[in-house]
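Notes for the one structure printed next.
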There are 2 protein chains.
Amino acid sequence: MAQTYTISELSEQFDITARTIRFYEDQGLISPRREGTRRVYEERDRVRMKLILRAKRLGFTLSEIRETLDLYDSASGGEEAQGKFVLEVINQHRAILLQQQNDILDVLQDMKNVEQRILNKMKSPEQKV
Amino acid sequence: MAQTYTISELSEQFDITARTIRFYEDQGLISPRREGTRRVYEERDRVRMKLILRAKRLGFTLSEIRETLDLYDSASGGEEAQGKFVLEVINQHRAILLQQQNDILDVLQDMKNVEQRILNKMKSPEQKV
DNA sequence: CATGACGTTTACGTAAACGTCAACATGCCT
DNA sequence: AGGCATGTTGACGTTTACGTAAACGTCATG
């Protein structure tokens, strides 16, 4: 066990280019082990990539993602004093996500309306209202 | 009635700069009436701005937003033949939004976990596992 | 051993989404 | 008439998130 992956395996899995993965490393988002100069990705790296791409799909910038992952890691670690601060940040992020949930529901509803207008028009095309 | 707004009123309402609004106009996202050289925004422009910003919060690019708004408008208009096409596009967009809904739920769950770890650590700080 | 396939760094290019002047017009207040 | 707020159009600058090439190392395989 102890599955590992090459950069091209990982890029294939997530359907991104190797360039992108290296770029994320430059930006401090992931830091895979090295075997000589080659990058070796382990399961935890893969999980991290999944988190990164998820956050990206939600519109967060790479630096926001990096900061957040670092912060959550530090909370997982031992930075005792920062506990309250991390909780605050989490709540800020939660607010953004809830806002997005609402936005999505609104847009879905708009789409339903447009869809209905189209379907109606296809049934009875001569309606000029 | 027939409320109208200046560019600065609108920028204030939506908490964006006038520059941004003019830029959106350059990109064909809104086209307010002119009174002389001054831009005059009416209610429908305001609604459109709201749609634009909502889509932006969901991570869509300006050109995607422009295309989509144009498309929905055309469906509202009379481009009969494109009906089926518009319905397809709507379904593609819907798939993206549903993906985002899942992403949000996943992230919210992750945040809950981190939160719990912090709270536990604050209760009993000496646990080294 | 040479020839891919795969990996590496370095560097420059680019599209998107504005910010930031500059330089000017226009309305209205005193 | 003077002055100030508010508006306008360029034009150039900036950041983000990579793409794209150049130039080279390394390993397996015919």
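Lettering of chains follows the sequences in order, A, B, ..., and the numbering in each one begins at 1.
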Quick one: the side chain of B:R38 and the base of D:dT8, do they pair up donor-acceptor inside 3.5 Å? no
Check the phosphate of D:dT26 against A:T37, side-chain N and O only, distance under 4.0 Å to OP1 or OP2. Yes or no? no
Starting at atom CZ of B:R66, determine the distance to atom P of C:dA16, rounded to an integer number of angstrom. 10 Å
Quickly work out the B:Q27 CD to C:dA17 P distance and round it to whole Å. 7 Å
What nucleotide, of D:dC18, C:dG7, D:dA17, holds the atom closest to the side chain of A:R19? D:dC18
Can you check whether A:I21 reaches A:S11 side chain to side chain, under 4.5 Å on heavy atoms? yes
Between A:E9 (CD) and C:dC6 (P), how many Å, whole number? 11 Å
Please give, in whole Å, the distance from D:dC18 C1' to A:I65 CD1? 14 Å
Whole Å only: how far is the CD1 atom of B:I21 from the P atom of C:dG19? 11 Å
Taking only N and O in the side chain of A:K56, is any of them less than 4.0 Å away from OP1 or OP2 of D:dT16? no
With respect to the side chain of A:T20, which nucleotide from D:dC18, D:dT16, D:dT9 is positioned closest? D:dC18
Nearest to the side chain of A:R22, heavy atoms from C-beta on, is which of C:dT9, D:dT8, C:dC18? C:dT9
Does D:dG7 have OP1 or OP2 sitting under 4.0 Å from an N or O in the side chain of B:S8? yes
Pair A:N120-A:R117, side-chain donor/acceptor within less than 3.5 Å: no
Output the single nucleotide from D:dC18, C:dC6, D:dT16 whose closest atom is nearest the side chain of A:T61. D:dT16
Taking atom C1' of C:dA11 as reference, at what distance in whole Å does atom CG of A:D26 sit? 12 Å
Is there a side-chain polar atom (N or O) of B:T6 under 4.0 Å from OP1 or OP2 of D:dG7? yes
Rounded to the Å, how far apart are B:I7 CD1 and D:dT8 C1'? 9 Å
Does a side-chain N or O of B:Y24 approach OP1 or OP2 of C:dC18 to a distance below 4.0 Å, or not? yes
Closer than 3.5 angstrom, by distance alone: can the side chain of B:Q116 be matched with the main-chain N or O of B:N113 as a donor-acceptor pair? no
Do you know which two heavy atoms are closest between B:I30 and B:E25, and how far apart they sit? O-CG, 3.3 Å
Using a cut-off of less than 4.0 Å, is there contact between a side-chain N or O of A:R39 and OP1 or OP2 of C:dT9? yes
A:R54 (side chain) donor-acceptor with B:V107 (main chain) under 3.5 angstrom: no
How many Å lie between CD on B:E25 and P on D:dT8, as a whole number? 8 Å
